[in-house]
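The block underneath contains the structure these notes are about, expressed in structure tokens.
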Amino acid sequence: MSSMGGPSGRFGDVTELWHKCHGQIYGYLVRVGVPAEAAEEMVVDAFLIVDHRWSAVRDYDRPEAFVYKVATNLKRWRYGELAAQRAELNLPVEARERPDDPADLAAMRTDVWNAIRKLSPRCREAVVLRYVEDFTVADTAAILDVSEGTVRSNAYDGLRRLSALLSAYDPRKGDR
Amino acid sequence: MTTDEPNSPSDELLLRLLKATAPGEAGSEAQERRTRRFEARLRQVREDPSEAARIEALAHATLDGAHDVSTEQVPMVESVDHRDVATDSVGRATAARKRAQRSSGSFGSVAVIESELPSSSGGVTRTDDLDDFAITIADQVESFLVAVRAVARGEADDSAVSMLLLEVSQLLLAGGRLGAIAEVTREEGFEEDPGPDPDLDELRDQLAVLLDPCDVYREVFDPLAVPTEVETRRISDDLAAIVAELAHGLTHFRAGRETEALWWWQFSYLSGWGPAASAALRALHSIVAGFRLQSG
């Protein structure tokens, strides 16, 4: 949590923080395997918890990172690791082909996020936070409540697995 | 030292692919709808003390580690030796007894529970189907009681949770049989007093210590009810309650009242130990699955 601390006061109240990042938090939950409908509810609960702790959160250097932590814990608490694993079976609507996608992006979107869902929940969280949400190793460790070494290890393992699963998209393999 | 930085053109390409295809926000309409929902809920929490209390409990559970079970915290989930999980022809759990044979402790001793029960007086002499069935159930009940007692005493070492998962699963097979057969009718029409039930506080406390911090879990009270009601339970409470009800039936069985025992086991499976075992099984499964999937 230390990397989220420090005086800031950038946000007057939780509503301001909401407007800044509720869409990001929703997207993150969907990316790590929470079904869209449940993610909607979870985002609201995450911010209500943040509001409950607002006297401390308002002074954090990066309160947005704290919301990610709350959302991650809520996801684990509500769904457990098993449910997160089971979410592999249901690709969220947002990750499926869209009618307005360029032709080559449509199938790619489905392939990539199907591959993401084949990662273990811990690897999936680390990969999404590090490489999609662009958090540093330190922030990712604080959000996931693990050591920085664990983040590096899980992110590295996830990347290697994804690389194998998506090798068809590597132009050096020459078949796509 | 492992680095998670992309270190090849393929990695760079992969990361670009991840970002380009990331699912996210559905659109401004969805955002506005969510914002309206959030503002309404925020008002509700600020005006309704019961809603505020719910959020406070949620914050405590998710942020203060009250129920935050990380891999490092999960106790006793080492796997059970595959030779221990074999079942015999009637599906009896043999794990406890096999372990007992290989250890010097009293793991497999039936005396563990006999000391808490009135002395056995009647042998099973009738050979009709129902009595055979009662013997099978009694054997499964006995295996469960022996195993849970031994696990509570710490005799399962690092496999305690895995062992409990196995034993509860085996027990639910017996429960399934009781639930599937026609209703057992009592011979007397009333229950003969089997004497005092055993004091299970010590067992409950031992299990609570053993299972900490995974003891507390949440369960839907009635999965078919709308709206659903989530309740907080303890695996240790569930196991102690199951043991109490099973031991009560075993007292009848040991006294030669096989039909009474069967009636009790069937009735309490439907009303008491069945739901408790089902709930505990789900929690135990979640612990074991979570540990294995995280460490795998």
Side-chain angles (χ1 to χ4, degrees), chain A residues 14-15 18-19 22-24 26-27 30-31 36 40 43-45 47-49 51-53 69-70 73-74 76-77 80-82 85 92-95 105 108-109 111-113 116 120-122 126-128 130-132 137 145-146 149 151-156 159 162-163 166 169-172, chain B residues 1-6 8-11 13-15 17-26 30-31 33-35 37-42 44-46 51-52 54-56 58-59 61-63 65-72 217-218 282 285-296:
Chain A
V14 73
T15 311
W18 167 271
H19 287 298
H22 73 95
Q24 288 168 253
Y26 169 81
V30 169
R31 287 164 204 149
E40 289 281 358
V43 174
V44 170
D45 276 348
F47 277 85
L48 291 175
I49 289 173
D51 180 56
H52 179 265
R53 300 288 170 98
K69 181 184 177 70
V70 175
N73 283 3
L74 262 180
R76 291 176 180 172
W77 186 73
E81 298 299 335
L82 185 65
Q85 191 77 10
V93 173
E94 289 84 345
L105 185 62
M108 203 185 287
R109 187 187 304 281
D111 288 349
V112 169
W113 289 87
I116 287 275
S120 70
R122 296 298 163 129
V127 164
V128 170
R130 284 284 289 126
Y131 306 129
V132 182
V137 170
D145 210 10
V146 297
V151 168
R152 286 195 191 91
S153 169
N154 285 343
Y156 177 83
L159 205 55
L162 277 181
S163 183
L166 297 169
Y169 287 98
D170 188 339
R172 293 179 308 171
Chain B
M1 181 178 161
T2 304
T3 174
D4 66 342
E5 296 296 337
S8 72
S10 293
D11 284 352
L13 184 71
L14 183 59
L15 298 192
L17 197 61
L18 281 181
K19 288 195 175 182
T21 60
E25 194 52 279
Q31 290 206 9
R33 193 173 57 242
R34 188 183 312 132
T35 296
R37 187 174 176 182
F38 169 66
E39 289 171 346
R41 291 278 290 114
L42 190 60
Q44 195 181 6
V45 168
R46 288 177 175 172
E51 273 301 298
R54 192 185 79 82
I55 294 302
E56 187 177 351
L58 202 55
T62 54
L63 289 177
H67 305 295
D68 185 14
V69 180
S70 68
T71 304
E72 292 75 18
Y217 69 101
R218 283 145 300 280
R282 191 160 173 229
H285 179 273
S286 196
I287 296 169
V288 171
F291 178 79
R292 298 280 162 74
L293 294 173
Q294 284 172 47
S295 61

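Lettering of chains follows the sequences in order, A, B, ..., and the numbering in each one begins at 1. The shown structure was predicted, so the numbers you read here are calculated from the model rather than taken from an experiment.
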Item to check | Nearest-0.5 Å distance, NE2 of residue A:His52 to CZ of residue B:Arg54 | outcome: 12.0 Å
Next on the checklist: Quick check: do B:Arg46 and A:Asp51 have side-chain heavy atoms less than 4.5 Å from each other?
Outcome noted: yes
Checklist entry - Any side-chain heavy-atom pair from A:Val14 and B:Phe38 closer than 4.5 angstrom? => result yes
Item to check | For chain B, the option from A:Val112, A:Leu48, A:Asp45 that forms the most heavy-atom pairs under 4.5 Å | outcome: A:Leu48
Next on the checklist: Within this structure, what is the CZ-CD distance for the pair A:Phe47 and B:Glu39, rounded to the nearest 0.5 Å?
Outcome noted: 12.5 Å
Next on the checklist: Quick check on A:Val128 against chain B: is it the side chain, the backbone, both or neither that has a heavy atom closer than 4.5 Å?
Outcome noted: neither
